[in-house]
Amino acid sequence: MNVAHLVTTPVDATRLVARVSAPERGGIATFIGLVRNHHAGRAVLRLEYSAYGPMAEAEMARIVEEAERKWTARVAVEHRLGALDVGEVAVAVAAAAPHRDEAFAACRYVIEELKRRVPVWKKEHYADGSVGWVDPTAPGGSVPAAGGTGA
Amino acid sequence: MNVAHLVTTPVDATRLVARVSAPERGGIATFIGLVRNHHAGRAVLRLEYSAYGPMAEAEMARIVEEAERKWTARVAVEHRLGALDVGEVAVAVAAAAPHRDEAFAACRYVIEELKRRVPVWKKEHYADGSVGWVDPTAPGGSVPAAGGTGA
Amino acid sequence: MPGDIWAMSSTTSAAASVSVLLFGRYAEALRSERFDLALAPGDTVADVVVRLRQLPGGDVLPLRPLCARNQAHCGPETALAPGDELALLPPLAGG
Amino acid sequence: MPGDIWAMSSTTSAAASVSVLLFGRYAEALRSERFDLALAPGDTVADVVVRLRQLPGGDVLPLRPLCARNQAHCGPETALAPGDELALLPPLAGG
């Protein structure tokens with residue numbers, strides 16, 4: 001069963017929890033990443049996620065497999081693509097394991113590795129009309145993108 | 001708003017997530033504890049949670065307050081009481097924060113402190129007909145309770 | 001003479017007594033969820049535990065059980081005041 | 001003479017070419033999401049990056065960008081084979 005997906009419809013963490021639940025797994029840790037209304041001191045109105053689709057899903061599947069092997073856990077993850085408003089869910093991870101240590105560790109591993117390895121990009125639309133590509137390696141956290149109407 | 005409750009109806013993690021969500025909080029970590037079908041090598045059929053109610057809610061509220069202060073997070077927690085079947089949710093914690101480090105830390109803190117400090121007890125009904133009080137300090141993880149029909 | 005120092009709620013004035021709450025297997029073994037005890041000046045949690053251990057089933061109690069005074073965790077040397085609510089807590093198993 | 005070594009997909013046989021995929025601000029700056037490049041024996045990812053940097057907007061590319069060969073992360077010294085899919089990835093921002 002493939003449990004690592006890119007989706008263009010709303011991410012539902014409850015659905016992921018249901019997928020990983022089982023009577024022998026007593027702990028489920030989840031992480032939900034939402035679109036924030038600010039980034040590096042700038043007011044954010046909305047954003048757009050894009051991806052190198054086939055690789056992103058393959059890499060997510062590899063990460064899930066690694067976590068499941070390392071912690072005897074069961075993991076599901078979904079990442080949203082396209083246009084998102086503030087408050088919408090961008091990514092959700094659910095990790096179930098017999099005990100909570102493993103569930104937390106597996107959940108944390110998946111979101112950290114996803115951020116480190118999965119080819120997804122984020123374009124932010126700011127309140128001042130400008131648009132930026134989020135770049136964690138850039139000084140201000142983003143670099144200007146084409147299509148902005150402001151600064 | 002009180003966000004630390006004992007409940008006798010099903011715990012709904014989604015409701016807790018909704019309570020802590022806000023546009024400035026980009027990360028929500030949750031933990032869901034379910035009734036497992038096994039404990040310390042014994043098959044479990046169902047269990048009963050009881051509590052020192054007023055203190056349990058007061059202690060949960062103190063823990064939530066500590067976590068919120070320590071990590072600038074927003075936290076909600078619910079613990080179920082009464083009879084539960086395998087697979088039902090016993091406890092759920094949701095912690096929202098601007099970033100995921102704080103969300104994970106706050107969530108983890110609340111479940112660890114809850115287990116350490118909140119006066120709740122668990123009676124397990126085993127497949128062999130016996131009944132035990134769960135006791136993490138006892139050698140087999142539980143001590144016999146009255147009312148068992150077996151070993 | 002335990003009989004001298006025991007007094008149930010109906011015969012004890014609240015001003016000179018402490019409510020002891022029992023839970024889980026402590027309540028099961030002592031067949032009660034609550035005792036109202038007369039309090040001598042200077043009585044600590046440990047003093048109350050010693051008296052409860054003399055009751056039938058009282059050996060379920062460790063000498064230093066987990067306990068709470070007025071709904072907050074406390075240690076066995078905690079002094080009790082008239083009207084206090086003392087809870088003796090079996091090993092916790094929540095979550 | 002970049003013109004000599006560039007060949008778009010329509011004129012290059014798949015057997016001797018590599019598909020280069022661009023994303024995010026790399027695609028924006030180079031105004032394309034895909035180039036099919038002729039491959040010389042021994043060409044590495046770094047060789048391809050050097051050539052792409054000569055194009056208009058190509059200076060958006062660092063000398064050692066994050067990259068993937070056939071949908072798996074790879075280093076800039078990775079040798080390319082005909083038919084490979086090379087992706088040049090701007091700093092990741094998922095999650």
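Lettering of chains follows the sequences in order, A, B, ..., and the numbering in each one begins at 1.
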(Q) Counting only non-hydrogen atoms closer than 4.5 Å, does Val93(A) touch chain B with its backbone (N, CA, C, O), its side chain (CB onward), both, or neither? (A)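 For Val93(A), there is no contact with chain B at all, as no heavy atom is under 4.5 Å.
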
Q | Structural part of Ala13(A) lying under 4.5 Å from a heavy atom of chain B | A |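 Answer is neither: Ala13(A) stays 4.5 Å or more from chain B.
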
Q.
So Arg108(B) and Arg108(A), do their side chains get closer than 4.5 Å, heavy atoms only?
A.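 No, too far: nothing below the 4.5 Å cut-off.
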
Q) Side-chain contact, heavy-atom cut-off 4.5 Å: Ile111(A) with Phe104(B)? A)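 With C-beta onward as the side chain, the pair touches.
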
(Q) So for Arg25(B), is it side chain, backbone, both, or neither that comes closer than 4.5 Å to the heavy atoms of chain A? (A)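 Backbone only.
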
Q: Go through the atoms of Asp101(B) and report whether side chain, backbone, both or neither lie under 4.5 Å from a heavy atom of chain A.
A: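 Both the backbone and the side chain of Asp101(B) come within 4.5 Å of chain A.
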
Q. Looking at His38(A), Glu24(A), His39(A), which one has more heavy-atom pairs under 4.5 Å with chain B than the rest?
A.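 The residue among His38(A), Glu24(A), His39(A) with the greatest pair count is Glu24(A).
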
Q. Of all of Val91(B), Ile28(B), Leu34(B), which one pairs up most often with chain A through heavy atoms under 4.5 Å apart?
A.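 Highest number of pairs under 4.5 Å: Ile28(B).
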
Q. Gly27(B), Ala95(B), Ala94(B), Gly87(B): which one forms the most heavy-atom pairs within less than 4.5 Å of chain A?
A.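 Highest number of heavy-atom pairs under 4.5 Å: Gly27(B).
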
